[in-house]
Amino acid sequence: MFASEATAEPAGLPVVRIATGEHEPFTSQLRDDGGLINAIVAAAFLHAGYQAKFDYLPWQRALATTQAGVYHASSYWAYKEQRKLYFLHSEPLVYGGSVLISLKGEPQYTDLDELAGKVVGVVRGYTYNEAFWRRGEQGEYKIEQVNTDLQNFKKLLVGRIDALLIDYSVAQTLIYSQLSAEERAMLQVPRHFVMTASVHLLIGKQIESAQTLLQAFNHGLAIIKSNGEYLAITARYPDVPIAVIE
């Protein structure tokens, strides 16, 4: 079924179907508010007169089904020029940063220049900047892809990769929720971001009135930024080092 237009709930508000995925603390069905980003998205749509309904999928499927028009939108993605062919980008939701995590006793990487000859773990379907991919393709370092960040931590802990590239806040969540004290003690986690990016809601151009929906969302986002609700949401995540958009 294609999401040609927002369908109405019995309560009367039209529903916007959003494809998303697990990426704590930003998006998660395990959190009451859906995570920092999805809470912002839901609040913005509510002030625009819509109810947001999230389906949690593997990230690549979330993007592909939104591109095909199965969903109205996908939350959330870093800006990427190539996606403009199929998607409209919302105004920025937050700015985040990624770090390179390695084992103690090994070099601490704070710049892509330091990765020469190394093996770097990333997650299939995530957005990394063009310079990172280009330098890997040119042979400066080897990039290995897996399906989850946790898989990369396990590979790092047994020495199968030299470093993993991950959002700092996601790393902290996984380290303290999924790894043992012994495993945590093996890691060094710099706070220096090797890349930063604005993140956005993507609205598929396949759906009817995509531009209208984008304008409505951006209007709702502006409202929650001006009335204090945006900052109230981010305040629920005091350990997440993001740059909020005011």
Side-chain angles (χ1 to χ4, degrees), residues 3 6-7 9 11 13-67 70-80 83 87-98 123 125-127 148-149 166-174 177 197-204 207 213-214 216-225 227-245:
T7 55
E9 283 281 283
L13 285 182
V15 171
V16 178
R17 297 187 64 219
I18 302 172
T20 187
E22 281 291 334
H23 200 52
E24 283 198 280
F26 298 105
T27 58
S28 179
Q29 57 193 324
L30 303 177
R31 291 179 178 258
D32 291 340
D33 63 358
L36 172 61
I37 295 294
N38 282 351
I40 290 172
V41 169
F45 268 127
L46 188 61
H47 280 279
Y50 295 89
Q51 179 180 340
K53 180 179 179 182
F54 298 94
D55 284 348
Y56 287 81
L57 307 170
W59 284 104
Q60 285 186 309
R61 189 187 306 167
L63 191 66
T65 50
T66 304
Q67 180 178 323
V70 178
Y71 291 91
H72 298 99
S74 185
S75 172
Y76 65 109
W77 299 88
Y79 179 85
K80 193 172 184 179
R83 293 198 184 113
F87 301 100
L88 301 175
H89 289 69
S90 74
E91 290 295 315
L93 303 174
V94 298
Y95 285 89
S98 296
V123 175
Y126 286 11
T127 303
T148 70
D149 287 305
I166 185 173
D167 179 274
Y168 178 84
S169 299
V170 173
Q172 293 295 327
T173 299
L174 287 174
S177 67
S198 61
V199 299
H200 307 258
L201 180 76
L202 297 186
I203 295 177
I207 66 166
L213 190 61
L214 176 69
F217 177 78
N218 284 340
H219 177 66
L221 186 61
I223 290 174
I224 66 172
K225 288 176 183 176
N227 70 8
E229 190 170 351
Y230 177 93
L231 288 178
I233 293 170
T234 61
R236 299 201 294 260
Y237 295 82
D239 297 326
V240 179
I242 56 168
V244 300
I245 315 297

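Just so you know, these numbers use all the heavy atoms, side chains as well, and skip hydrogens, waters and symmetry mates.
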So how far is it from [X] [atom1] to [Y] [atom2], rounded to the nearest 0.5 Å?
{"X": "L63", "Y": "K80", "atom1": "CG", "atom2": "NZ", "result": "9.0 Å"}
{"X": "E91", "Y": "L221", "atom1": "CD", "atom2": "CG", "result": "7.5 Å"}
{"X": "I166", "Y": "T173", "atom1": "CD1", "atom2": "OG1", "result": "9.0 Å"}

Y230/I40 under side chain to side chain contact (heavy atoms under 4.5 Å, CB included): CA gap, chis, key distance, verdict: CA-CA 7 Å; Y230 177 93; I40 290 172; 3.7 Å; yes
Side chains of [X] and [Y]: closer than 4.5 Å at any heavy-atom pair?
{"X": "L36", "Y": "L93", "value": "no"}
{"X": "N227", "Y": "H47", "value": "yes"}
{"X": "V16", "Y": "V41", "value": "no"}
{"X": "V123", "Y": "W59", "value": "no"}
{"X": "R236", "Y": "D33", "value": "yes"}
{"X": "T20", "Y": "D55", "value": "no"}
{"X": "F87", "Y": "I203", "value": "no"}

For residues [X] and [Y], report the shortest heavy-atom separation together with the two atoms involved.
{"X": "A216", "Y": "Y50", "result": "CB-CE1, 3.7 Å"}
{"X": "V170", "Y": "E24", "result": "CG2-O, 3.1 Å"}
{"X": "Y237", "Y": "P25", "result": "CE2-O, 3.6 Å"}

E229: partners by salt bridge (Lys or Arg N to Asp or Glu O under 4.0 Å), with sequence neighbours left out: none
Results of salt bridge (Lys or Arg N to Asp or Glu O under 4.0 Å) for R61 - residues two or more places apart only: none
Return the set of residues passing side-chain hydrogen bond (donor to acceptor under 3.5 Å, both in side chains) with [X] (not counting sequence neighbours), or none when no residue passes.
{"X": "E22", "result": "S28, Q29"}
{"X": "D149", "result": "Y126"}
{"X": "T66", "result": "none"}

Ignoring hydrogens and angles, tell me if any N or O in the side chain of [X] forms a donor-acceptor pair with the backbone of [Y] under 3.5 Å.
{"X": "S198", "Y": "P92", "result": "no"}
{"X": "R17", "Y": "A73", "result": "no"}
{"X": "R83", "Y": "A78", "result": "yes"}
{"X": "T27", "Y": "G35", "result": "no"}

Stepwise side chain to side chain contact (heavy atoms under 4.5 Å, CB included) test for W77 and H200: CA-CA 5 Å; W77 299 88; H200 307 258; 5.9 Å; no
From CA spacing to verdict: side chain to side chain contact (heavy atoms under 4.5 Å, CB included), L213, H72: CA-CA 9 Å; L213 190 61; H72 298 99; 4.0 Å; yes
Intermediate values then yes/no, side chain to side chain contact (heavy atoms under 4.5 Å, CB included), H89 and L202: CA-CA 5 Å; H89 289 69; L202 297 186; 3.4 Å; yes
Residue pair N38 / S75, side-chain donor-acceptor N/O under 3.5 Å: yes
Side chain to side chain contact (heavy atoms under 4.5 Å, CB included) partners of A42, counting only residues at least two apart: A52, F54
Aromatic plane relationship, F217 with F45 - under 30° parallel, 30 to 60° tilted, over 60° perpendicular: tilted
Parallel, tilted or perpendicular: rings of Y76 and F26 (30°, 60°): tilted
